[in-house]
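Below: the structure, in structure tokens.
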Amino acid sequence: VLISLSTEVDRDREPYEAIAQMGAGGASPRGSTYWRRAQLCPREHLLGNVLGWDPLVRADALDTGLLWHGVLETYYRAVHAQQLGERRPDTPEQEAFRFLQKFRDHAGWIEFYEICSRMLDAYVNRWERLDADTWEIVAVEFTCGWTKETHPEVHERLGFEQTTRLDLVVVDHSLAPVTRIVEHKSSYALDPQTIIAYSMDDQIFGQLYLGRYWIDWAALGYPPFVGTLVNVTTKAKTPRLERLPVQPADEALHAWAESKRYWAWQAEQYSALGYPRNYAQCSRRFGRCQFYELCRRDPAMTAQSALELAARAEVPGGYEQRPSFHDLLEVL
Ligand code: SF4
């Protein structure tokens with residue numbers, strides 16, 4: 001058996017951003033993608049967070065997630081505009097399909113197009129009526145939080161940075177009005193393990209922390225904030241859909257903040273230690289670390305040599321410099 005060990009990387013589809021043309025849209029700089037890298041491997045923190053390198057080819061699941069978010073962003077922006085009384089020639093569903101059409105004729109995107117078309121059909125069938133009756137849109141793709149630069153006094157007091165990009169914020173009128181964050185997810189399955197994972201998810205906890213303690217909903221004129229609805233659509237031939245409420249107690253959010261304080265301190269030690277590699281994290285439950293090829297190809301690369309490369313504005317083969325240090329993957 002011949003096992004290919006090639007590290008050649010070909011980009012077989014145009015980047016999502018080039019086709020979508022939606023801009024970074026205020027993607028979040030200290031969200032769960034940043035923290036995941038910082039908490040999993042010091043070297044990944046250097047390459048992905050400090051230097052801002054990205055692999056040229058994104059994993060299929062990430063591109064599907066980005067496209068699905070783009071579709072729902074287009075859809076809910078149109079719903080929001082309608083609710084504000086704007087007259088538009090097309091329905092939100094038509095606008096979302098038009099956005100999706102951009103991907104149909106681009107090489108390498110047809111499979112993603114077909115998956116998201118099925119998901120959108122199923123989504124509109126399942127939720128359009130209910131949303132129209134119960135959801136008042138407050139914001140679509142809204143970035144909030146603090147960093148050392150934006151709010152030094154908050155960082156000083158809490159000991160960590162946290163930002164997030166909220167997919168959707170609604171006032172839910174199905175019972176007494178409440179304010180909710182809605183987090184869109186595309187997943188392979190809707191089994192209990194997938195569902196339960198969202199109730200202990202770093203990204204969701206970060207949003208809930210900001211929703212509970214950072215945004216003063218009452219001062220803004222909104223009803224009480226109750227938590228996040230995880231809005232799951234599967235990529236199956238017949239997509240399944242579910243909305244899962246996540247509303248942890250204050251103790252759970254305080255425990256999460258305690259953990260973030262530790263990891264913020266820990267990440268500050270990495271530079272003095274040369275951003276060591278953590279080989280326990282190279283292969284993961286869903287695929288590999290984004291820098292797997294780089295670490296395998298160039299085991300002698302030190303943090304210093306990576307920093308020198310970046311200082312010359314060079315990037316290793318198979319990778320590119322993220323145009324902005326704000327992370328698009330934060331939407332996933
Ligand atoms: S491949 Fe392994 S060692 Fe390299 S950055 Fe990723 S997790 Fe760290």
Side-chain angles (χ1 to χ4, degrees), residues 3-12 15-16 27-66 147 160-163 188 197 200-203 205-206 256 259-332:
I3 300 174
S4 166
L5 290 175
S6 165
T7 56
E8 291 293 309
V9 187
D10 281 329
R11 176 134 57 190
D12 60 357
Y16 167 82
S28 160
R30 289 291 180 275
S32 57
T33 305
Y34 174 92
W35 283 113
R36 191 178 316 118
R37 292 191 189 114
Q39 294 180 211
L40 289 182
C41 174
R43 182 57 59 96
E44 187 181 357
H45 176 64
L46 169 68
L47 305 176
N49 288 341
V50 179
L51 301 182
W53 291 350
D54 270 342
L56 278 176
V57 179
R58 238 180 230 139
D60 286 2
L62 296 182
D63 268 340
T64 311
L66 284 172
T147 66
F160 64 97
E161 299 172 285
Q162 183 65 31
T163 59
Y188 283 108
M200 280 287 277
D201 177 274
D202 192 49
Q203 181 189 23
F205 268 66
W256 173 86
S259 155
K260 270 288 166 279
R261 252 188 294 286
Y262 163 72
W263 282 106
W265 171 84
Q266 181 68 65
E268 278 177 11
Q269 318 309 311
Y270 294 160
S271 145
L273 300 167
Y275 297 94
R277 292 180 169 92
N278 177 8
Y279 286 90
Q281 286 297 344
C282 305
S283 293
R284 298 178 184 173
R285 186 162 159 240
F286 298 110
R288 295 167 173 165
C289 166
Q290 291 189 308
F291 299 103
Y292 187 94
E293 287 306 328
L294 184 55
C295 283
R296 190 162 70 102
R297 187 172 72 206
D298 193 357
M301 187 178 77
T302 61
Q304 189 55 34
S305 56
L307 285 160
E308 285 168 9
L309 204 61
R312 297 196 298 274
E314 291 174 28
V315 182
Y319 291 82
E320 64 186 347
Q321 177 74 54
R322 202 177 304 137
S324 142
F325 276 66
H326 290 196
D327 221 320
L328 188 68
L329 294 183
E330 173 56 15
V331 303
L332 298 178

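Whatever order the structure lists ligands and atoms in, that order sets their numbers, starting from 1. Source: prediction; values computed, not measured.
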[X] side-chain N/O to [Y] backbone N/O, donor-acceptor pair under 3.5 Å:
X    : Y    : result
Y270 : A38  : yes
R284 : Q281 : yes
R43  : Y275 : yes
S305 : M301 : no
W263 : R36  : no
N278 : P42  : no
Q321 : L51  : yes

Select one of side chain, backbone, both or neither to describe which atoms of N278 lie under 4.0 Å from any atom of ligand 1, heavy atoms only.
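It is the backbone that touches ligand 1; the side chain stays farther off.
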
Taking heavy atoms and a distance under 4.0 Å, where does E293 meet ligand 1: side chain, backbone, both or neither?
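The answer is neither; E293 stays 4.0 Å or more away.
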
Shortest protein contact, [atom] (heavy atom only):
atom                    : value
atom 6 (Fe) of ligand 1 : C289 SG, 2.4 Å
atom 5 (S) of ligand 1  : E44 N, 3.6 Å
atom 3 (S) of ligand 1  : R277 CB, 3.4 Å
atom 4 (Fe) of ligand 1 : C295 SG, 2.4 Å

Those atoms of ligand 1 less than 4.0 Å from some heavy atom in [X]:
X    : answer
R284 : 7 (S)
Q281 : 7 (S)
Y292 : 1 (S)

Short N/O/S contact of C41 with atom 8 (Fe) of ligand 1 (below 2.8 Å):
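Checking C41: at least one N, O or S atom is under 2.8 Å.
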
Among S283, G48, P299, C282, which one puts a heavy atom closest to atom 2 (Fe) of ligand 1?
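The option holding the nearest heavy atom is C282.
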
Heavy-atom neighbours of Y262 OH exceed 12 at 6.0 Å:
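Count over threshold, so yes.
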
